[in-house]
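Written below as structure tokens is the structure these notes are about.
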Amino acid sequence: MLRSIDTAAAPARTLPTSYAAHADLRHGLLQPQARISPKYLYDARGCELFEQITRLPEYYPTRTEAAILADAGPAMAQALRGHEVLIELGAGNCEKVRVLLRRLRPRHFVGVDIAGDFLRQAVHRLAEEFPGLDARAVQADITQPVRLPPDLPLAGRLLFYPGSSIGNFDPADALAMLERMHGLLGPRGGLLIGIDLPKPLHWLEPAYDDAEGVTARFNLNVLRHVNRLIGSDFDEDDWAHLAFFNKDHSRIEMHLRARRALTVTWPGGARRFVAGQTIHTENSYKYALPRFQHMLTEAGFTPGEVWTDPQHWFAMVHAHA
Ligand code: AVI
């Protein structure tokens, strides 16, 4: 059974975020390979920096996905016809879904995102732009079970999860997420999901270590956020951004590397780092299509059509529930 995590209706027993974050961060920092969960990359400044990343010449995923959505539009509209309910997970500013709304003309749209105010404003703009569309915002953490409006039709739902964000979860968590997505669908349900494909290193690594240093600022910013959350004394100047492709796991890894031996302290704890030791901050998996389609099958989906760019760098994958 799905449990609501709509923060507007958060149950009283929910732990305060700061408490949960504190335990999570302390635990991660004390692991032999220290780690900070990638979700802490996205405070307000982190979100702004990520927006900047998506416009960098080196960061190909955003523009490649947008080009696929634009170029494959008519074929996609044909394959996806009959979906009356469009649900975008991690909808943010609802920018990417516009092209689908124009082509599919669904009756209902639901944007789901953790950032409630931002989402509500974006959905409000969509409602103005698409008269007659029943547009709704659901504030929820999509890494947890999501409760959709009870009166939303179950048949004909299409889940849209663009941006290759699924790649930021380890495969077991990604599979669990796909299973939860499958659980949100009923008759004639479908999923349209963006994935980043493996490609030569000389394209992959600069996308996560750009010449302007925006990704470095994005990665380092997590330390300020952690300082605010747990009262630690990280100094950004002591750390360097590191991003590399781990071939064994087919993933980009982002780390922060200590420039010198140092001790980081926070109320009730401390961690000593030797020079060169790292904190692992993010993985970004690059799935070969057959592997991802196998995961879809494991999650209960039947893989459908795939749209890709001429270089096969990115794919929009359709699957039937
Ligand atoms: C949000 N996500 C899909 C991005 C990615 O490419 O894995 C996050 C990112 N990290 C550094 N650059 C972009």
Side-chain angles (χ1 to χ4, degrees), residues 35-69 88-97 112-115 118-119 141-143 160-171 173-174 177-178 181 192-201 203-223 225-226 239-246 249-257 278-288 292 295 309 313-317:
R35 58 170 193 262
I36 295 174
S37 163
K39 66 183 172 201
Y40 300 109
L41 290 165
Y42 298 94
D43 65 345
R45 182 159 181 262
C47 290
E48 258 169 50
L49 287 165
F50 180 65
E51 282 291 319
Q52 288 180 35
I53 288 175
T54 63
R55 293 191 290 271
L56 289 170
E58 295 96 331
Y59 192 74
Y60 59 84
T62 310
R63 63 170 182 279
T64 310
E65 183 181 55
I68 296 170
L69 281 169
E88 182 176 10
L89 300 174
N93 61 9
C94 298
E95 215 29 69
K96 291 180 180 173
V97 80
V112 184
D113 205 289
I114 189 107
F118 191 64
L119 174 70
D141 176 354
I142 62 164
T143 65
F160 180 49
Y161 191 40
S164 72
S165 299
I166 193 79
N168 294 129
F169 298 94
D170 284 336
D173 294 332
M177 207 165 158
L178 292 172
M181 289 181 193
L192 182 65
I193 186 165
I195 60 159
D196 195 14
L197 303 170
K199 58 188 63 60
L201 278 191
W203 290 111
L204 261 180
E205 289 187 338
Y208 294 83
D209 193 7
D210 58 286
E212 226 185 289
V214 181
T215 312
R217 291 201 285 284
F218 172 68
N219 196 10
L220 286 160
N221 176 63
V222 82
L223 299 177
H225 190 198
V226 171
W239 299 86
H241 168 67
L242 177 67
F244 60 88
F245 188 65
N246 178 330
H249 293 282
S250 191
R251 68 188 188 202
I252 286 281
E253 292 187 13
M254 283 205 325
H255 293 247
L256 290 166
R257 183 166 41 79
T278 73
I279 304 174
H280 191 171
T281 52
E282 191 186 56
N283 289 321
S284 189
Y285 284 82
K286 310 302 168 190
Y287 286 109
F292 190 72
M295 274 172 74
D309 54 289
W313 277 8
F314 198 94
M316 296 300 308
V317 180

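In listed order, ligands and their atoms are each counted from 1.
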Starting from the N and O atoms of ligand 1, find every protein N or O within less than 3.5 Å and list the pair with its distance.
residue  : atom   : partner : partner atom : Å
ligand 1 : 2 (N)  : N168    : OD1          : 2.8
ligand 1 : 6 (O)  : Y59     : OH           : 2.5
ligand 1 : 6 (O)  : Y208    : OH           : 2.5
ligand 1 : 7 (O)  : N168    : ND2          : 2.9
ligand 1 : 7 (O)  : S284    : OG           : 2.6
ligand 1 : 10 (N) : E282    : OE1          : 2.7
ligand 1 : 10 (N) : E282    : OE2          : 3.4

With a 3.5 Å cut-off and no angle check, do the side chains of Y60 and D196 form a donor-acceptor pair?
-> yes

Would you check if the distance from the ring center of F218 to the ring center of Y42 is below 6.0 Å?
-> yes

Partners passing ring pair (Phe, Tyr, Trp, His ring centres under 6.0 Å) against F292 (at least two apart in sequence or in another chain) = Y287

If you count the non-hydrogen atoms of other residues, nucleotides and ligands that lie under 6.0 Å from CD in E205, is the total more than 12?
-> yes

Kindly write out the residues that satisfy ring pair (Phe, Tyr, Trp, His ring centres under 6.0 Å) with F118, not counting sequence neighbours, or none if the list is empty.
-> none

Return the set of residues passing ring pair (Phe, Tyr, Trp, His ring centres under 6.0 Å) with H255 (not counting sequence neighbours), or none when no residue passes.
-> F244, H280

